[in-house]
Each structure stands twice: as structure tokens, then as C-alpha cells.
Amino acid sequence: MFNHTDIETKWKSRWNTIRQNSTDVKDTKKKFFNLMMFPYPSAEGLHVGNMYAFTGADIFGRYKRMCGFNVFEPIGLDGFGIHSENFALKIGRHPMDHALVTQKKFYAQLHKIGAMYDWDKTLETYDPDYYRFTQWLFVEMFKHGLAYRKRAEVNFCPGCKTVLADEQVIDGKCERCGNNVTKRSLEQWFFRITAYAEKLLENIPALHWSHIVKTAQTNWIGKKEGINITYKVVNRDHKYVFDLICFTTRPDTNFGATFVALSPEHEIISQILTVINQDQSKKIKQYIKSVSQITSEERAQEGRKKTGVFTGLYCQNDLNGKLMPVYISDFVLMGFGSGAVVGVPGHDKRDFEFAREFDIPVIRVVKTANNDGCITHIDDVQEDEGIMMNSGFLNGMDIHKATAAMMDHMEKMGWGKRVSTYHLRDWLISRQRYWGPPIPMIFCKYCFTKGITYSEESAFSDMAGWFPVPNGQLPVLLPRIEDYRPGDDSIAPLAKHTEFYEVKCPHCGGDARRETDVSDTFLDSSWYFLRYPSLGERKKEKGKREENILPWDQKITKKWLPVDMYTGGAEHSVLHLMYSRFVTMALHDWGYLDFEEPFPNFFAHGLVIKDGAKMSKSKGNVVNPDQYIDLYGSDALRLYLMFMGPFSQGGDFRDSAMEGMKRWVNRVWNLSVQSIDKHSQTGNAIVEKALQKLIKKVGDDIEARHYNTAIASMMEWTNLTAENGGIVRINQLSSFVKLLAPFAPFVTEEICEKIHASVVGGKWSVEDSIHRQKWPEYDEKALMDESVQIVVQVNGKLRDVIEMGSIAAKNRLLVEQETKSLEKIKPYLSNTKVRKIIFVPGKLINFVI
RNA sequence: GCCGCGGUGGCGGAAUUGGCAGACGCGCAGGUCUCAAAAACCUGUGGAGCUCACACUCCAUGAGGGUUCGAUUCCCUCCCACGGCACCA
């Protein structure tokens with residue numbers, strides 16, 4: 001038995017003294033940036049789910065280092081944001097104080113899990129030396145026309161008392177606190193991520209990401225190809241009033257169109273109100289008001305009765321000259337397409353439901369082989385495959401051919417234009433909260449009234465009076481205030497502090513007002529990977545307020561980025577991963593970076609399950625790793641976590657299974673101590689052959705992140721050594737311990753030191769560390785077996801297994817002769833004719849009778 | 001509704017290209033050691049049949065069908081979990 005706590009304490013301190021894991025970023029010959037998603041520190045500290053993710057990533061980094069790479073593995077804290085602030089509010093400690101407490105706690109815990117973090121290059125998003133550049137990024141976004149401010153219907157979480165981005169609303173609920181999200185019309189800052197929709201989509205196939213994550217992101221971007229049809233709108237007297245654009249992916253059904261519906265948020269409604277009578281206007285206003293009073297969740301409720309109001313106007317369908325009444329209805333969403341749809345009730349269920357409510361005619365324009373009758377019931381509505389009818393020049397075509405033909409026709413006639421629309425919306429970036437980087441913008445009322453904009457460019461035409469904080473004045477420090485609690489009034493805490501917001505206009509020098517919202521946490525994490533390698537230069541920048549200082553060192557960034565391997569949870573598929581891609585693309589286009597994709601390789605690890613549920617605070621099943629590290633050791637816990645199942649799948653956390661892992665670590669220890677003691681020079685051929693195979697197996701498994709089977713194979717090998725004398729040669733032990741080193745860094749280092757003392761003697765130095773050793777090589781020839789097992793089947797059923805020389809086993813005739821006469825086979829072959837013999841060289845023979 | 005992933009012993013899981021299903025571990029049972037227990041170690045462990053025993057036979061990878069000499073693996077239908085999107089026109 002050995003004392004794991006002593007060993008861990010010893011090596012933690014020794015590694016720290018020698019800066020074992022401090023990466024020299026100047027050495028870029030074989031660099032490897034091994035990054036894992038940094039944690040957001042809150043509550044009780046690191047939990048087993050974090051440790052699972054970090055350990056899996058760390059094993060890969062350690063393996064790469066042993067394969068000769070200069071591995072950089074940094075860690076930091078994503079400590080700004082609602083999550084941390086909510087916890088600070090809960091326990092009644094100021095977020096600034098709480099941040100320091102959790103920082104200390106998290107770093108202490110992260111020291112204990114045995115990961116090879118570079119402790120000289122850590123970052124915290126709430127550090128002014130970090131967020132000055134988050135603010136710099138905001139300013140750059142603004143300067144390039146990608147940050148804008150507008151009044152919009154936005155998601156508001158009554159629990160967190162702030163607005164949320166679309167991505168942070170899950171099933172109508174807040175991603176963080178689970179409260180039902182409501183809509184509010186507020187002035188907010190947005191990032192124009194939609195400008196990159198196509199690029200974000202286009203680059204996805206080339207990414208080495210799991211198919212699941214790629215699909216999730218593709219779905220979120222949600223590209224749809226269709227056509228914008230421009231209709232002439234006429235009033236009761238058939239007089240033209242204006243144009244209206246409807247988006248559709250199914251123009252093939254356009255001969256069946258019988259109405260047009262507008263979203264209640266559609267801007268053309270203000271024009272409509274000017275061309276219709278008062279009575280009608282009143283009804284429309286009433287309807288819009290009633291819609292604004294229901295929640296988005298209620299509005300989207302399935303099976304809800306369709307509502308709407310007639311505008312008194314008509315769209316003219318140029319295909320057949322028919323007039324289609326224009327309605328306003330809340331089943332039409334403003335955020336998709338053009339916010340106006342052309343209704344084809346025969347071939348769209350929602351359109352049918354609407355037509356039912358308003359007695360609008362239903363026309364069939366698509367038929368199937370056995371159905372071309374009237375559409376009178378919702379189940380008759382035909383949305384899929386079929387052949388066109390009642391559709392003029394389209395008749396007889398299938399719907400796909402008809403769609404293309406109709407688009408061609410409409411474009412030729414000048415009635416419409418092919419377009420793509422996206423589900424992706426602009427990123428709502430401002431938050432009416434305290435614990436984040438203040439948005440570095442200034443609003444000047446005087447300049448606003450004069451219509452003065454930051455630049456002449458059209459992108460700024462709606463942004464009169466808004467100016468970014470000059471670079472040299474960054475960071476805009478977040479002041480320490482005591483009334484940091486968010487209110488119900490959508491007013492940011494900083495807006496109550498004149499000393500914060502009263503500033504001079506950077507343009508005219510007059511009195512102006514600083515923006516008092518802070519930015520979304522996801523902005524903090526959208527660029528942190530760019531910062532890490534350059535952190536060695538941080539001392540030079542500290543406190544400096546120069547104009548042209550960049551968040552990173554250009555030379556270092558050119559060498560070290562993009563990230564070589566990124567490991568994290570799949571739950572960030574459409575949040576962090578997409579925001580980071582967007583920010584990187586923008587920085588690339590502005591000339592700051594020479595790559596577009598920050599994470600060409602991303603590995604999505606699985607989740608740790610406890611009692612059948614994902615480990616989370618709200619479920620109350622969070623497990624703190626500390627107690628297990630104390631009880632079983634960091635090595636045993638790391639091994640146990642990785643042994644639960646494939647790293648991509650996660651697994652079920654159970655205390656009892658950890659005992660077994662501790663037993664095995666003990667067995668490895670005993671095997672090592674005894675082998676070093678006996679100093680055996682004679683090797684066992686079976687153990688040696690198995691070791692050669694093991695070297696290959698463990699290497700291949702680590703590359704594939706099949707850590708569970710790598711560990712299983714190592715267990716098999718130690719079982720084999722127990723059957724073969726219980727000791728191994730020193731060089732065999734040495735190789736084995738290297739294979740185990742990425743998984744169990746502490747105990748293997750201790751064994752390595754013992755081997756070193758026994759074989760070489762003298763003082764232990766940095767170079768002697770097992771984690772600096774070269775990964776063992778195996779002999780291809782040694783993997784070949786002299787004899788193999790041949791499976792003997794009759795009609796595909798296993799009847800016998802024989803051992804043969806590996807060369808003979810490849811000879812069909814020889815194997816046939818050998819197996820035909822086997823005692824167990826003979827009875828099957830007598831009295832029948834062998835119809836066929838299947839032979840797989842070196843593997844199997846099958847007699848078909 | 002659409003898209004995606006999966007279903008293997010009491011449990012977590014393993015199984016190159018279609019070729020010995022259940023590796024490895026947990027749990028359980030029995031044993032050694034002990035006054036006793038724990039720890040440690042050893043043996044057994046999918047189900048059924050047959051046998052004093054060794055052995056042998058049959059059944060079994062969510063259900064049903066197909067392709068094949070041979071299917072956990074490939075194809076079709078269905079069932080059940082999980083993940084993403086969703087009044088998206």
C-alpha cells in the first residue's frame with residue numbers, strides 16, 4: 001500500500017517549483033495548443049463533471065507532449081456574467097469579492113486534478129487587463145458596422161431581470177434560471193452575426209467536429225432557399241397603393257394561393273393604416289394590441305385557434321389575375337422570411353386552419369396517384385410529394401420540378417427574386433446587469449440632434465450621436481457599487497450612477513452619457529483562446545493605455561493559432577462555438593488574424609450522469625471531487641472517470657466502482673515496487689508480446705479518445721503479469737508506466753523516480769520526469785503472432801477452434817485437411833455432401849453442407 | 001412534425017472490413033487468511049437443458065422481416081429512450 005496523498009502533495013509542489021508545465025511559446029517547431037473550455041466559477045466550486053471534461057482533455061495533451069509536441073495547455077475562469085452574479089446575489093456577497101473567493105478556490109481545485117496547466121498563463125474575464133480587450137472588440141465591431149443599436153421586441157427573463165439572446169432561450173425558458181421568457185420592446189445593442197450566416201454555414205463541412213455538433217449548428221443557422229415574390233397591393237377600388245414582398249419556399253403551389261397574411265410586427269402596417277378607413281384602422285390597432293399582450297410561448301402554442309384581422313387591401317396574383325385579401329395574423333413571424341406569407345390553404349396546414357376561420361377558398365393544386373379530390377378537412381391538406389394540377393404551365397410536373405420552373409418564370413417576369421433566409425438572428429449583446437464589461441460607447445445628445453454620426457458610411461446612418469470610447473481610454477472600468485442588484489424596470493444598475501455615466505463627448509467635447517449596459521458573458525468567452533499564448537507579454541501591457549495595443553502578440557498568434565484541439569461540452573454547439581467562430585471571422589476580415597476558424601478540431605465530450613440525471617446544481621446531484629481525491633487519490637479518480645465509458649459518451653457516476661480502480665492502482669504500485677526490488681533481467685515472452693501489443697493499443701485508443709478501452713487493456717496486461725510470476729523486467733515496467741502516465745500522472749511519476757533511483761541513481765532532475773519521456777515505440781514485427789486460432793464452422797455455426805502456425809493458417813488446402821478430420825467436425829461431414837467451403841485466411845473456415 | 005444519435009448480462013460497458021457476443025470493471029456467490037470482522041487474495045458468475053463430473057446441446061445483442069455460408073454489425077418496417085430545431089411559410 002502507498003499513500004496517495006503524500007505522493008500527490010510531493011509532486012504538486014515539485015512540479016510547481018520547476019515550472020514543469022510552463023510552455024515556452026517561442027518554441028514553435030512542433031507546437032500543440034490543447035485547449036479545454038474554461039469553467040465559469042460559481043457556487044460550491046469545481047464539480048465532477050468539470051473534472052471529467054478536464055481530465056479527458058488533459059490525457060490527450062499529456063500524450064501529445066510525450067509524442068514530442070510542445071504542448072500548451074492553459075486554464076482560466078469565465079467569471080463575469082449572470083451566472084456568477086446570481087450566485088453572489090444569493091449569498092449576499094459583492095460580485096467583486098465573490099470573484100476573488102471563487103478564483104482562489106477554483107485554482108486550488110484545478111491544481112489537484114493533475115492536469116498539466118501552464119500556471120504562468122491564466123486569465124480571468126473580470127480582470128480589467130482582460131476586459132479592456134473585450135471592450136476593444138466591441139469598439140471594433142462598432143467601427144466595422146457590425147454593432148448597432150435598435151429598438152426591438154426582445155426576450156426578457158423576469159428571473160434574471162435582463163434581456164437574453166435568442167440562443168439563450170430554450171423552449172421559451174431562460175437557459176440559466178428556467179423562468180418563462182417574456183417579450184419586451186427595448187432599445188438594445190446587437191452584433192450583426194447574420195452578415196456571417198453564409199460563411200458560418202459554408203465552413204461547417206470542413207471542420208473536424210462531431211457530426212452531432214455540426215448538425216446542431218447547421219440547424220440553428222437554418223438556411224432555407226426560396227423566393228421573394230413582390231405583389232402589388234390594391235385597395236377596394238382596385239387602385240395600386242404599394243408593393244408587398246412575400247417569402248415562400250413553395251412557389252410551385254402559387255396557383256392555389258388565396259390570401260396573404262402579415263406579421264403584426266410588420267413595418268408596412270403603418271403605411272396600411274394611412275390608406276384605409278378609420279373603422280378598419282381601429283380594428284387593426286386593437287388586434288395588434290391584443291397580440292402584444294400574450295407571451296411568445298402562448299402565441300406559439302400548438303393547436304391554438306388562428307386569429308387575424310382583414311386589412312381591406314388585396315394582393316394581385318399576376319399568375320392568374322386573382323385578388324388575394326390581405327390579413328394580419330400572429331401566426332406569421334416577423335423574424336423569418338419577409339414577415340409576410342402568401343397563403344395556400346390546400347397545401348399548408350397552418351394556412352388551411354387560417355382559411356377555415358375566415359372562410360377563404362381552398363384550391364387543390366397538387367395531387368397524388370390516388371387522391372385529387374376536394375380539400376375539406378385538415379387531414380386532406382397535402383404538404384408533400386405530388387403532381388401539379390390546376391396550375392397552368394406547371395400541370396403534370398412533380399413539385400420539385402414545378403418549384404424550379406415557377407422560380408424561373410417569376411424571375412423572368414420580374415415578379416420575384418430567389419433568396420435565402422436564415423433562422424439565425426442578430427446577436428443581442430447588451431445586458432441590463434452589473435457584473436460584466438461596461439459597453440464602451442458614449443451617446444451625445446447634441447451630436448444626435450445635429451445628425452452627426454461616427455462615420456459617413458451608411459452603416460452608421462441610424463446611429464447618430466453614438467461614439468466609441470477612444471482606444472487609449474480603455475478599459476472603461478466597472479466601478480464598485482453597492483446597489484448592483486438588477487431591477488424589474490429594465491434599467492441597468494450603472495444607470496443610477498451619474499459619476500459613472502456623465503462624460504464628455506469624444507466628438508464635440510460637450511456633455512454626453514456613457515452607455516450603462518454591460519455586454520453578454522458570451523462575448524467574454526468568444527475570444528479568450530486568442531489571449532492565452534500572448535499572456536507572457538502581459539507584464540509589458542499592464543496599466544498601459546496606448547492607442548494601438550492589441551489583445552495579443554501578432555507573432556505569437558501567427559504561430560500558435562488556431563487551436564489544435566478544443567475539448568468541451570456539446571451544449572455549447574450553438575452558443576459559445578458559434579459566437580467564437582463569428583468573432584474570429586470578423587477579426588480575420590479586419591486583417592487581425594490569418595485564419596477564419598478558431599477551432600478546426602473540436603471534441604465534444606459526454607456528460608457525467610448521477611442518479612439518472614445530468615449533474616447540475618438545480619437537480620441537487622452535484623458531486624464535489626475533493627472528497628474523492630482525498631479518499632481514493634486524484635489518479636484513481638481520473639482513471640475511474642475515464643473508465644466509465646467512451647469519453648464522447650459520458651457515463652454514470654457511482655461510488656462503488658471507484659473502489660475497484662483504487663485496487664488496480666494499488667496493484668500497479670505493488671507490481672512496480674516488487675519488480676524494482678527484484679531487478680529481474682529475465683523477461684517472459686508472453687508478457688513481452690502483450691506489452692508490444694499494448695503500446696500500439698493504448699496509443700491508438702488515446703488518439704480516438706477511447707480512454708475506457710485503453711485502461712481496460714492496461715488492466716489485462718497487469719492481470720497477465722500476475723499470472724506470469726508477478727514481476728516484470730525494469731524496461732518493461734518503464735514502458736508500461738509511460739503508457740499509464742497521461743491517465744495517472746502522480747503515481748507514475750513516483751514509480752518513475754523509483755526506477756530512476758534504482759537504475760541510474762543520482763539526483764532527480766526535470767528531464768527525468770516521466771511526463772518529459774518519449775512515448776514508447778513498438779516493434780511491428782513483434783506484433784505478428786507465430787500461431788493463430790482458426791475458427792471452424794459448419795453452416796456458419798461455431799463447432800471448433802484450432803491453433804495453427806500463422807503461415808499454415810493462410811493456406812487453404814492445409815487448413816481444409818487439418819480441420820476436416822477433427823473429431824468434432826467429422827460427424828457433421830459424414831453422410832452429406834459439402835456444398836461449399838468458405839475460407840478466410842488466418843481466421844476461419846466454414847463448411848456449408 | 002422535421003433532422004440527428006442510440007437500444008448488448010443484475011450494473012457501466014467491450015467486440016478491426018460482416019467472422020469465437022459479453023473483453024475490462026462493478027456487483028453478487030463461494031473459498032483462503034482471521035477468535036471474529038474489515039482489507040487483501042483465489043474461484044465462479046447471460047439464460048435454459050443435460051451430466052456425479054469433464055464435456056456437450058439449444059436459446060440470446062429492443063420487436064418483426066430481409067440479404068448472406070455467416071448479422072450486435074448491412075437493408076426494410078415497427079417500438080422505446082435521448083439530443084437539436086419547430087405556427088420557419
Side-chain angles (χ1 to χ4, degrees), chain A residues 1 170-171 210-224 226 246-251 253 257 260-261 263 296 299-304 306 329-333 335-344 347-351 353-354 383-384 421-423 570-571 573-574 607 609 614 639-640 643-646 648-661 663-664 666-667 670 700 706 708-719 722 789-801 824 834-840 843-849:
Chain A
M1 282 291 267
I170 313 290
D171 292 333
S210 80
H211 162 79
I212 295 168
V213 177
K214 284 192 194 185
T215 308
Q217 202 161 114
T218 304
N219 282 348
W220 184 261
I221 297 168
K223 178 174 179 170
K224 290 242 169 94
C246 291
F247 175 78
T248 179
T249 57
R250 291 290 306 277
T253 60
V260 164
S263 161
S296 53
R299 181 165 163 183
Q301 202 135 54
E302 215 165 316
R304 186 171 149 256
K306 293 276 182 290
S329 173
D330 65 2
F331 86 90
V332 184
L333 306 174
F336 189 82
S338 63
V341 296
V342 47
V344 185
H347 304 284
D348 183 294
K349 289 193 165 144
R350 294 154 308 171
D351 292 353
E353 284 167 356
F354 188 81
E383 295 183 319
D384 35 38
T421 66
Y422 301 87
H423 168 259
E571 70 272 20
S573 303
V574 292
L607 295 175
I609 304 295
K614 178 191 166 179
L639 282 162
Y640 166 69
F643 190 60
M644 289 192 306
S648 58
Q649 256 176 52
D652 202 36
F653 187 84
R654 279 158 59 232
D655 294 20
S656 64
M658 227 172 315
E659 293 279 356
M661 198 50 83
R663 277 201 283 272
W664 185 63
N666 270 333
R667 280 204 285 274
N670 291 335
D700 290 351
H706 293 167
N708 56 330
T709 51
I711 296 165
S713 316
M714 288 190 277
M715 288 172 166
E716 281 181 84
W717 190 78
T718 55
N719 289 349
Q789 294 200 318
I790 296 284
V791 170
V792 190
Q793 296 182 337
V794 177
N795 281 352
K797 285 213 155 128
L798 173 82
R799 294 303 168 186
D800 204 354
V801 179
K824 284 181 192 162
V834 175
R835 282 199 310 160
K836 203 168 158 191
I837 298 173
I838 310 279
F839 177 64
V840 184
K843 253 187 189 161
L844 166 143
I845 187 158
N846 183 15
F847 296 96
V848 185
I849 56 170

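Remember, predicted model here, so these are calculated numbers, not experimental data.
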Next item on the list: For C74(B) and C24(B), measure between their C1' atoms and round to the nearest Å.
Entry: 29 Å

Note to self: Under 4.0 Å, heavy atoms only, any strand: does Gln789(A) hit a base, just the sugar-phosphate, or nothing?
What the structure shows: base

Item checked: Interatomic distance at C1', A86(B) relative to G6(B), whole Å -> 22 Å

Note to self: What's the separation between atom CZ in Arg799(A) and atom CG in Asn846(A), rounded to the nearest 0.5 Å?
What the structure shows: 11.0 Å

Notebook entry, point to check: Between G25(B) and U45(B), how far is it from one C1' atom to the other, in whole Å?
Noted result: 14 Å

Next item on the list: Provide the closest heavy-atom pair for Gly337(A) versus Thr421(A) in the form atom of the first, atom of the second, distance.
Entry: CA-CG2, 3.8 Å

Margin query: Restricting to non-hydrogen atoms, name the atom on Met661(A) and the atom on Ile711(A) that form the minimum distance, rounded to 0.1 Å.
Written below: CE-CG2, 4.1 Å

Note to self: Closest approach to the side chain of Val574(A), judged atom by atom: which nucleotide of C69(B), C87(B), C85(B) is it?
What the structure shows: C85(B)

Notebook entry, point to check: Hey, does Val332(A) reach any base, or is it just sugar-phosphate, or nothing, if we go heavy atoms under 4.0 Å?
Noted result: base

Check: Does Phe247(A) offer a backbone N or O that forms a donor-acceptor pair with the side chain of Ser338(A) under 3.5 Å?
Finding: yes

Checklist line | Lys836(A) versus Ile838(A), closest heavy-atom pair with distance | finding: CE-CD1, 4.0 Å

Margin query: Between C54(B) and A71(B), how many Å separate the two C1' atoms, rounded to a whole number?
Written below: 33 Å

Notebook entry, point to check: For Asn719(A) and G25(B), is the shortest distance between a side-chain N/O and OP1 or OP2 below 4.0 Å?
Noted result: yes

Check: Quantified in whole Å, what is the C1' atom distance between nucleotide G7(B) and nucleotide C82(B)?
Finding: 11 Å

Note to self: Could you tell me how far apart Arg250(A) (CZ) and C2(B) (C1') are, to the nearest whole angstrom?
What the structure shows: 15 Å

Next item on the list: Measure the distance from CG on Leu798(A) to P on A71(B) and round it to the nearest whole Å.
Entry: 13 Å

Margin query: For the P atoms, the ones on G84(B) and on C28(B), what distance do you get once it is rounded to whole angstrom?
Written below: 36 Å

Next item on the list: Please determine if a side-chain N or O atom of Arg667(A) lies less than 4.0 Å away from the OP1 or OP2 oxygen of A40(B).
Entry: no

Check: Rounded to the nearest Å, what distance is computed from the CG atom of residue Asp800(A) to the C1' atom of nucleotide A55(B)?
Finding: 13 Å

Margin query: Taking atom types as they are modelled, would you say the side chain of Lys349(A) forms a donor-acceptor pair with the base of C87(B) within the 3.5 Å cutoff?
Written below: no

Check: Is the gap between the ring centers of Tyr640(A) and Phe653(A) under 6.0 Å?
Finding: yes

Next item on the list: If C41(B) has a Watson-Crick or G-U wobble mate with both distances under 3.5 Å, name it; if not, just say none.
Entry: G31(B)

Notebook entry, point to check: Is there a side-chain polar atom (N or O) of His211(A) under 4.0 Å from OP1 or OP2 of G4(B)?
Noted result: no

Item checked: Whole-Å gap separating P (A39(B)) and CD (Glu659(A)) -> 8 Å

Notebook entry, point to check: Just checking, Lys306(A) and Phe331(A): is the charged tip under 6.0 Å from the six-membered ring centre and within 45° of the axis?
Noted result: yes

Checklist line | Complementary nucleotide of A21(B), counting Watson-Crick and G-U pairs under 3.5 Å | finding: none

Next item on the list: Provide, to the nearest angstrom, the distance between the CZ atom belonging to Phe354(A) and the C1' atom belonging to A89(B).
Entry: 13 Å

Next item on the list: Please tell me which of the listed nucleotides, G12(B), G19(B), A89(B), lies nearest to the side chain of Lys224(A)?
Entry: A89(B)

Check: Using a cut-off of 4.0 Å on non-hydrogen atoms, how would the nucleic acid contact of Asp351(A) be classed: base, sugar-phosphate, or nothing?
Finding: nothing

Checklist line | Any N/O donor-acceptor pair, Gln793(A) side-chain to C69(B) base, under 3.5 Å | finding: no

Margin query: Syn or anti for G9(B), given that syn means the glycosidic angle lies within 90° of 0?
Written below: syn

Next item on the list: Could you pick out which residue, Pro646(A) or Glu716(A), lies toward the 5' side of RNA chain B when each is mapped onto its nearest nucleotide?
Entry: Pro646(A)

Margin query: Would you say Asn219(A) places a side-chain N or O within less than 4.0 Å of OP1 or OP2 belonging to G4(B)?
Written below: no

Checklist line | Any-strand Watson-Crick or G-U partner of U77(B), both distances under 3.5 Å | finding: A63(B)

Margin query: At 4.0 Å (heavy atoms only), tell me whether Gly660(A) reaches a base, stays on the sugar-phosphate, or touches nothing.
Written below: sugar-phosphate

Check: Can you find a side chain N or O atom of Arg663(A) that sits less than 4.0 Å from OP1 or OP2 on G25(B)?
Finding: no

Item checked: Residue whose closest nucleotide on RNA chain B lies nearer the 5' end, Gly651(A) versus Met661(A) -> Gly651(A)

Margin query: Please report the distance separating the C1' of U72(B) from the corresponding atom of U61(B), rounded so that it comes out in whole Å.
Written below: 5 Å

Next item on the list: Return the nucleotide paired to G1(B): Watson-Crick means purine N1 to pyrimidine N3 with N6-O4 or O6-N4, wobble means G-U with N1-O2 and O6-N3, both under 3.5 Å.
Entry: C85(B)

Next item on the list: Classify the nucleic acid contact of Trp220(A) as base, sugar-phosphate or nothing, counting any heavy atom under 4.0 Å across all strands shown.
Entry: sugar-phosphate

